[in-house]
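Taking it in order: structure first as structure tokens, then the write-up.
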Amino acid sequence: MLNISDFNNNLLAWYQANKRDLPWRRTSDPYHIWLSEVMLQQTQVITVIPYFEKFITNYPDLDALADADEGSLLKDWEGLGYYNRIRNFHAAVKEVQNTYDSTVPDDPDAFFSLKGVGPYIGGAVQSIAFNNLLAAVDGNVLRVMARLNLDYRDMTKASVQKSVKQDIEAVLPLEAGDFNQALMELGAVICTPRTPKCIMCPVQQHCEAYKEGQVSELPVKKRAKSKKEIYYNVYFILNDKGEIMLRKQEGTLLGGMYELPKYDIDTSIETIEEELGVPLDHPNIHTGSVKHVFTHQVWYMEGYVLYTKGAHEDFVPRAEVAKLPMSRAMQKIYRQLEM
DNA sequence: AAATCGTGGTC
DNA sequence: TGACCAAGATT
């Protein structure tokens, strides 16, 4: 950068003149700002907006969310993905309720110790809500900085991200919250991954990559590994009381969400009967196929209807199913039963 | 340090 | 169509 003060002034002036009207910019409530940052993790602004509105309606203050039950939170989060975010946020908010008298700490060390608060969310909330002098380095900022400084390091590496964060904090102006948002906004609107609008860029004269004609070569990122393909048979197990078997997923992937019993395709019905402890009648009704793409997996699911006269604790009345949180993956195949 | 964790949109 | 991307954190 040629001149830091010149750079900061240009960037902040551009930000103020082009500021988008986003719901979380209408509030100064640290709890609302924190909630928005948790939702925005790896998620586009346009996707977050309706979820944010729903949450501040259903859980208007920190105590309301802390006192809510996890099932209702997961149901309201349904479809947003990365479901551990809301479970971590729930735990963190409860800790604020118990330890900090329901007041979000205006203190980086205290705040960073909370569940789900990493380098980005910590910096973003502390700077935007309290104007503490910390950088908020997200994917936008990494891209902008790589181009400004003609930085060819692999931006997916944690060590590089930490270094970029320190570089920014060395030049951070007193308006830290606005500066952080301006840098992210620049990345989102002008300095985009493909076909960046350099002609419109308020800091074009500070950009080394633009000078060298290297904008489209940056940032450097190692490419993602290929996805693992998994094949499941998914079963609609119905009893004679109008109920269907649905159970809560364990583990880290979709943990807490409800699912139809699913088994690797070469699992026999006898094995499933043994595992569930109920006799199963297999009329060979195939409801259809679904492909669902995750970040690191692809599921290929085949749906089948089974009947049983046995008793099991995981039966749910068909009318109650819609009240339970279910992943998009499972919703796609569940819909086949209604057709 | 590298793998894992969702979903929807784009080209 | 497949690969990439989006206000990243955790283990």
Side-chain angles (χ1 to χ4, degrees), chain A residues 15 20 22-25 33-52 74 77-89 91-92 111-129 134-144 154-162 164-165 177-189 191-196 219-230 249 251-257 259 291-299 325-332:
Chain A
Y15 174 62
R20 283 184 289 176
L22 303 175
W24 43 91
R25 287 188 179 152
I33 293 169
W34 182 11
L35 171 63
S36 74
E37 296 299 346
V38 174
M39 290 182 160
L40 286 163
Q41 181 186 332
Q42 295 287 278
T43 310
Q44 297 197 2
V45 165
I46 190 70
T47 305
V48 166
I49 291 173
Y51 284 90
F52 180 78
L74 276 171
W77 197 272
E78 179 184 272
L80 199 51
Y82 286 152
Y83 297 97
N84 267 330
R85 286 184 293 176
I86 184 58
R87 303 211 284 183
N88 286 340
F89 186 58
F111 191 66
F112 274 108
S113 75
L114 299 168
K115 252 187 188 167
V117 177
Y120 168 76
I121 291 182
V125 173
Q126 289 295 311
S127 66
I128 296 169
L134 295 174
V137 178
D138 72 335
N140 288 311
V141 173
L142 290 172
R143 181 173 58 256
V144 170
D154 179 358
M155 287 295 156
T156 66
K157 293 173 80 77
S159 57
V160 176
Q161 297 179 5
K162 187 174 176 184
V164 170
K165 180 171 158 71
D178 280 346
F179 181 85
N180 285 332
Q181 294 186 80
L183 216 45
M184 290 189 275
E185 192 87 352
L186 186 72
V189 176
C191 196
T192 50
R194 290 176 293 234
T195 63
V220 174
K221 303 170 87 169
K222 72 165 175 291
R223 45 175 293 171
K225 51 177 287 193
S226 61
K227 301 177 197 305
K228 183 178 181 186
E229 299 186 315
I230 302 178
Q249 284 185 237
T252 50
L253 179 58
L254 304 178
M257 308 300 278
E259 66 168 355
K291 175 186 180 182
H292 187 82
V293 181
F294 295 91
T295 307
H296 289 287
Q297 292 181 16
V298 185
W299 285 5
M326 196 181 284
S327 70
R328 289 291 191 242
M330 203 50 66
Q331 286 178 354
K332 283 188 197 168

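Naming convention: chains lettered A, B, ... in sequence-line order (proteins, then strands); numbering from 1 in each chain.
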Rounded to whole Å, the CH2-P distance (A/W77 to B/dT7) equals 13 Å
Could you tell me if the side chain of A/L80 sits less than 4.5 Å from the side chain of A/R85, heavy atoms only?
yes
Looking only at atom C1', what distance separates C/dT10 and B/dA1, rounded to whole Å?
13 Å
What distance do A/K222 atom NZ and A/D154 atom CG have between them, rounded to the nearest 0.5 Å?
5.0 Å
Check every strand shown and say whether A/I46 touches a base, only sugar-phosphate, or nothing at a heavy-atom separation below 4.0 Å.
nothing
Closest-nucleotide mapping onto DNA chain B: is A/S159 or A/T295 further toward the 5' terminus? I mean the 5' end.
A/S159
B/dG6, C/dA7, C/dC4: which one has an atom nearest the side-chain heavy atoms of A/A224?
C/dC4
Rounded distance (Å) that lies between atom P of C/dT1 and atom NZ of A/K291:
8 Å
Rounded to whole Å, how long is the line connecting atom CG of A/L254 with atom P of B/dG6?
5 Å
For B/dC5, does either OP1 or OP2 sit under 4.0 Å from a side-chain N or O belonging to A/N84?
no
Establish, yes or no, whether a centroid distance under 6.0 Å links the rings of A/W299 and A/F294.
yes
Rounded interatomic separation in angstrom, taking OH from A/Y82 and C1' from B/dC5:
5 Å
Residue mapping more 5' on DNA chain C - nearest nucleotide basis, A/L40 or A/G116:
A/L40
In whole Å, measure the gap between the C1' atoms of B/dC5 and C/dC5 for me.
16 Å
May I have the distance from A/W34 (atom CH2) to C/dA9 (atom C1'), rounded to whole angstrom?
14 Å
Using a cut-off of 4.0 Å on non-hydrogen atoms, how would the nucleic acid contact of A/W24 be classed: base, sugar-phosphate, or nothing?
base
Measure distances between side-chain N and O atoms of A/Y120 and base N and O atoms of C/dG8, and say whether any donor-acceptor pair falls under 3.5 Å.
no
Any side-chain N or O of A/Y83 under 4.0 Å from OP1/OP2 of B/dT7?
yes
Of the listed nucleotides B/dC5, C/dA7, C/dA9, the one nearest the side chain of A/R20
C/dA7
Using a cut-off of less than 4.0 Å, is there contact between a side-chain N or O of A/R143 and OP1 or OP2 of C/dA6?
yes
B/dC5 OP1/OP2 closer than 4.0 Å to side-chain N/O of A/T252:
yes
Short side-chain N/O contact to C/dA6 OP1/OP2 from A/Q42, under 4.0 Å
no
C/dG8 base / A/T43 side chain donor-acceptor hit below 3.5 Å:
no
If I take atom CD1 in residue A/I49 and atom P in nucleotide C/dA6, what distance separates them, rounded to the nearest angstrom?
17 Å
A/F111 vs A/L134 side-chain heavy atoms within contact, under 4.5 Å:
no
Please state the P separation for the pair B/dC11 and C/dA7 - nearest whole angstrom.
15 Å
Between C1' on C/dA9 and CE on A/M39, what's the gap in Å once rounded to a whole number?
17 Å
Does the side chain of A/P193 reach to within under 4.5 Å of the side chain of A/R143, using non-hydrogen atoms?
yes
Verify the neighbour count for atom NZ of A/K115: are there more than 12 heavy atoms of other residues, nucleotides or ligands below 6.0 Å?
no
Between C/dC4, B/dC5, B/dT7, which one does the side chain of A/S327 approach most closely?
B/dT7
Let me know the distance between NE2 of A/H296 and P of B/dG6, rounded to the nearest Å.
11 Å
How far does the C1' atom of B/dG8 sit from the matching atom of C/dT1, given to the nearest Å?
16 Å
Under 3.5 Å, which N/O atoms of the protein pair with N/O atoms of nucleotides 8-11 of chain B?
unit_1: B/dG8; atom_1: OP1; unit_2: A/R328; atom_2: NE; d: 2.7

Applying a 4.0 Å non-hydrogen cut-off, can you work out what A/L22 is touching in the nucleic acid: base, sugar-phosphate, or nothing?
base
Between A/K227 (side chain) and A/T295 (backbone), is there a donor-acceptor pair under 3.5 Å?
yes
Taking side chain as C-beta onward, heavy atoms only, is A/Q297 less than 4.5 Å from A/L253?
yes
Look at all strands and tell whether A/A158 reaches a base, only sugar-phosphate, or nothing, counting heavy atoms closer than 4.0 Å.
nothing
If you check every side-chain atom of A/Q297, which of C/dC5, B/dC5, C/dT10 has the closest atom?
B/dC5
Does any N or O in the side chain of A/T43 come within less than 3.5 Å of the main-chain N or O of A/Q41, such that one atom is a donor and the other an acceptor?
yes
